[in-house]
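Presented below is the structure to which this report refers.
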Amino acid sequence: MSMINNDAIISFDEIKKQKEYISLVREILADKFYDKAPKAFVHTYGCQGNLSDSERMKGLLFEMGYRFTDNNEEADLILFNTCAIREHAEDRVFGNVGRLKALKEKNKDLIIGLCGCMVQQEHIKDKIKKSYSFVNLLFGTHVSYKLPEYIYSILTRGQKVFDIESNLNKIAEDLPIYRDGSFKAWIPIMYGCDNFCSYCIVPYVRGRERSRSSEDILKEAKQLIDSGYKEITLLGQNVNSYGKGLKEDIDFADLLKKINDIDGDFIIRFMTSHPKDCSKKLIDTIAKCKKVSHHLHLPVQSGNNRVLKEMNRKYTREEYLELVEYAKNKIPDISLTSDIIVGFPGETYEEFCDTLSLVEKVGYTSLFTFIYSAREGTKAAKMPDNITHKEKTVWFKELTDLQEKIAAKRSLDMKGKIFRCLCEGKGKNDNELIARTDGNITIEFVGDEENIGKFCNIKVTDTLTWIVKGEIIKEN
Ligand code: SAH
Ligand code: SF4
Ligand code: F3S
């Protein structure tokens with residue numbers, strides 16, 4: 001059992017206690033809502049890790065008897081799972097929470113809950129307590145498995161629940177999951193981050209790195225594949241440090257291989273790989289494992305060595321480029337993507353130009369680009385920053401224009417070629433569907449809805465910068 005292999009697992013008794021609360025809440029709600037099911041509106045901000053956490057909280061809510069709605073006006077419980085990565089993310093949450101006050105005035109029994117990374121910060125917790133008194137449930141990232149207990153307290157005692165435990169650093173296993181997709185699924189393989197990049201809030205709000213046992217991950221993957229899932233994305237802030245602290249001797253490459261060995265036709269994706277821990281063994285494993293996608297999200301953040309050092313990234317431009325060369329040699333069709341921060345405190349225009357030249361050299365498929373946002377409590381927030389936001393937006397535009405040119409060329413190179421893709425759903429235009437290549441590029445094509453959730457071979461017929469059009473060659 002995983003508990004024997006992993007000290008980070010929350011005890012069997014604690015999980016059992018939460019399951020008992022689920023039953024108690026279910027009875028109370030059945031009584032209260034005797035002729036209809038209570039409804040929950042769960043809204044998720046931020047990254048895939050947060051989406052995955054929400055699926056787990058929804059699993060608990062579903063078992064308690066809640067059903068889900070997209071309309072907050074008809075909800076009996078509203079839960080915002082928040083993100084703190086940039087100021088803009090937090091501003092959006094505050095704006096949306098403010099609008100809930102009117103709903104609470106109409107329905108005094110409405111439970112309004114906030115959880116996730118943003119509320120894990122002391123100053124945000126205080127602000128909510130002070131200025132958003134209609135919020136009656138607030139809990140941090142370490143304790144989301146206690147949701148049944150919290151709901152029980154509110155329903156029986158009518159009191160507010162605020163729980164921002166910050167030192168638990170544990171993993172809850174064996175709880176229900178309510179998945180948003182029917183053929184694509186997230187599997188978290190590790191939680192937290194120990195890297196403390198100087199700009200980043202994640203290590204403060206997510207706690208220390210801890211890995212799930214391979215046994216638990218493999219069990220989840222097998223169940224998904226047996227029930228017809230076609231794509232599995234392994235999640236972690238730094239998947240390359242998977243396995244540290246476990247009693248079993250395993251690293252991320254070993255885990256990939258084990259999942260690849262599961263019988264069935266499916267694709268394995270993963271994110272995020274920190275370049276400092278991305279081993280040649282991992283690249284060799286991707287090359288060898290047939291089901292592992294040839295896509296590597298390898299955030300570089302900056303192409304300048306001084307900036308990288310100030311960011312505490314622990315690799316140099318040269319080391320990064322060497323890794324990219326190795327990957328391109330081993331996996332010629334590798335698709336590389338990255339995150340980049342523009343306007344880190346103290347960054348000069350010349351240093352930013354090193355980022356431009358690196359982007360050109362690597363030839364990324366796509367980029368996630370961000371203007372630096374100061375996060376309270378991080379090291380970078382105290383560094384002098386002399387470049388105006390306006391200047392940073394000019395640099396930002398220069399970067400996105402460059403990437404657009406690179407992407408247009410990459411798209412053009414796809415023309416006439418055939419790609420095996422997973423068809424994901426309807427496109428924007430009538431009778432068009434979208435499918436995703438192994439390298440994580442979407443193709444729009446005309447096809448029957450029956451293809452959704454299946455693999456198909458698609459020939460690229462036309463390309464614009466970001467839009468790739470194709471036609472279906474053969475199903476399956
Ligand atoms: N663990 C991942 C990143 C997770 S956060 C990694 O190390 O690569 C996703 C991205 O948000 C980061 O890669 C970074 O580019 C961006 N980001 C994080 N903090 C930021 C900040 N303070 N301002 C702007 N962008 C930031
Ligand atoms: Fe943030 Fe760095 Fe950790 Fe990524 S590796 S989550 S950027 S501290
Ligand atoms: Fe993710 Fe945002 Fe938290 S990016 S880890 S939800 S701060």
Side-chain angles (χ1 to χ4, degrees), residues 43-54 57 80-93 114-121 124 140-142 144 186 188-210 234-242 244 270-278 296-303 307-308 310-315 320 336-345 347 355 359 364 366-383 385 387 389 392-393 395-396 399:
H43 189 70
T44 311
Y45 300 81
C47 63
Q48 287 88 347
N50 246 21
L51 285 168
S52 164
D53 288 350
S54 287
M57 288 189 273
F80 283 178
N81 188 9
T82 63
C83 168
I85 202 80
R86 284 168 290 275
E87 198 178 347
H88 175 68
E90 296 193 337
D91 290 346
R92 271 177 51 215
V93 172
L114 295 182
C115 61
C117 296
M118 182 176 157
V119 304
Q120 191 69 53
Q121 304 167 95
I124 299 279
T141 55
H142 294 256
S144 52
W186 314 114
I189 61 164
M190 58 165 318
Y191 298 96
C193 180
D194 287 353
N195 289 319
F196 290 93
C197 301
S198 62
Y199 50 81
C200 184
I201 196 71
V202 172
Y204 301 91
V205 294
R206 285 274 167 179
R208 298 293 56 78
E209 258 174 34
R210 55 230 183 249
L234 308 175
L235 298 177
Q237 288 302 344
N238 181 11
V239 290
N240 302 128
S241 62
Y242 173 78
K244 277 186 200 157
F270 57 90
M271 66 192 311
T272 294
S273 290
H274 193 304
K276 84 173 161 63
D277 299 315
C278 183
L296 189 57
H297 183 59
L298 198 62
V300 69
Q301 313 298 356
S302 163
V307 175
L308 284 171
E310 289 295 302
M311 288 178 162
N312 194 29
R313 289 292 285 182
K314 300 196 174 82
Y315 52 83
Y320 184 91
L336 292 154
T337 57
S338 190
D339 296 348
I340 287 175
I341 296 178
V342 175
F344 182 79
E347 184 177 23
T355 299
V359 165
Y364 292 107
S366 60
L367 282 182
F368 296 92
T369 43
F370 310 102
I371 290 184
Y372 169 75
S373 167
R375 305 284 66 214
E376 195 171 319
T378 61
K379 216 172 154 203
K382 294 190 206 82
M383 296 177 184
D385 188 356
I387 309 292
H389 193 266
K392 290 183 186 182
T393 51
W395 300 4
F396 184 85
L399 175 61

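Order of appearance sets the numbers: ligands from 1, and atoms from 1 within every ligand. Just the heavy atoms: all of them, side chains too, but no hydrogens, waters or symmetry mates, feed the values below.
Ligand 1 lies less than 4.0 angstrom from a heavy atom belonging to Ile85. Note on ligand 3: Gln48 sits outside its first shell, no heavy atom being nearer than 4.0 Å. Ligand 2 has Arg313 within reach: a non-hydrogen atom of the residue lies less than 4.0 Å from it. Contact annotation: Ile201 has no heavy atom less than 4.0 Å from any atom of ligand 1.
Taking distance alone, with nitrogen or oxygen atoms compared against 3.5 Å, Asn238 stays at or beyond that limit from ligand 1. Close N/O approach between Arg313 and ligand 1 is found [any backbone or side-chain N/O within under 3.5 Å]. Between Arg86 and ligand 1, at least one pair of N/O atoms sits closer than 3.5 Å. On a distance-only criterion, His274 and ligand 1 share no N/O pair closer than 3.5 Å.
Classification of the Tyr315-Tyr320 ring pair by plane angle, with boundaries at 30° and 60°, yields tilted.
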Leu399 and Leu367: side-chain contact (heavy atoms from CB on, under 4.5 Å), yes or no, with the steps?
-> CA-CA 10 Å; Leu399 175 61; Leu367 282 182; 4.1 Å; yes

Could you check His43 against Asn81 for side-chain contact (heavy atoms from CB on, under 4.5 Å), going step by step and ending with a plain yes or no?
-> CA-CA 6 Å; His43 189 70; Asn81 188 9; over 6 Å; no

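Short contacts between ligand 3 and Cys117, defined as distances under 4.0 Å to a heavy atom of the residue, involve ligand atoms 3 (Fe), 5 (S), 6 (S), 7 (S). For ligand 3, the atoms sitting less than 4.0 Å from at least one non-hydrogen atom of Cys47 are 1 (Fe), 4 (S), 5 (S), 6 (S), numbered in the order shown with element in parentheses. Taking a cut-off of under 4.0 Å to the non-hydrogen atoms of Gln237, the atoms of ligand 1 that pass are 1 (N), 2 (C), 3 (C), 4 (C). Near Cys83, the atoms of ligand 3 lying under 4.0 angstrom from a non-hydrogen atom of the residue are 2 (Fe), 4 (S), 6 (S), 7 (S). In the vicinity of Gln237, heavy-atom distances shorter than 4.0 Å reach the ligand 3 atoms 5 (S).
Note: Arg86 CZ to Ile201 CD1 = 12.5 Å, rounded to the nearest 0.5 Å. The structure places CD of Gln301 at 12.5 Å from OH of Tyr372, a figure rounded to the nearest 0.5 Å.
Residue contacts with ligand 1 for Tyr199 involve both N, CA, C or O and side-chain atoms from C-beta outward (heavy atoms, distance under 4.0 Å). Of the heavy atoms in Arg206, only side-chain atoms (C-beta onward) come closer than 4.0 Å to ligand 3. Residue-level proximity to ligand 1 for Pro299 is carried by the side chain, the only part with a heavy atom below 4.0 angstrom. For Cys197, heavy-atom contacts with ligand 2 shorter than 4.0 Å involve the backbone as well as the side chain. Here Phe196 has backbone heavy atoms under 4.0 Å from ligand 2, and that is the only part of it that gets that close. When heavy-atom distances to ligand 1 are checked against a 4.0 Å cut-off, Ile371 comes that close only through its backbone atoms N, CA, C and O. Neither the backbone nor the side chain of Pro299 has any atom closer than 4.0 Å to an atom of ligand 2 (non-hydrogen atoms only).
Shown here is His88, whose NE2 atom has no more than 12 heavy atoms of other residues, nucleotides or ligands within 6.0 Å. The environment of CZ in Phe368 is sparse: at most 12 heavy-atom neighbours from other residues, nucleotides or ligands sit within 6.0 Å.
Cys47 and Gln237 get closest at one heavy-atom pair: SG-NE2, 4.3 Å.
Annotation: atom 23 (N) of ligand 1 to nearest protein heavy atom, Ser373 N, 3.0 Å. Nearest protein heavy-atom contact of atom 9 (C) of ligand 1 is Asp339 OD2, 3.6 Å.
A distance-only check finds no donor-acceptor pair linking the side chain of Ser52 to the backbone of Trp186 [under 3.5 Å].
Cation-pi geometry between Arg92 and Tyr45 is not met: the NZ or CZ atom fails to fall both under 6.0 Å from the ring centre and inside 45° of the normal.
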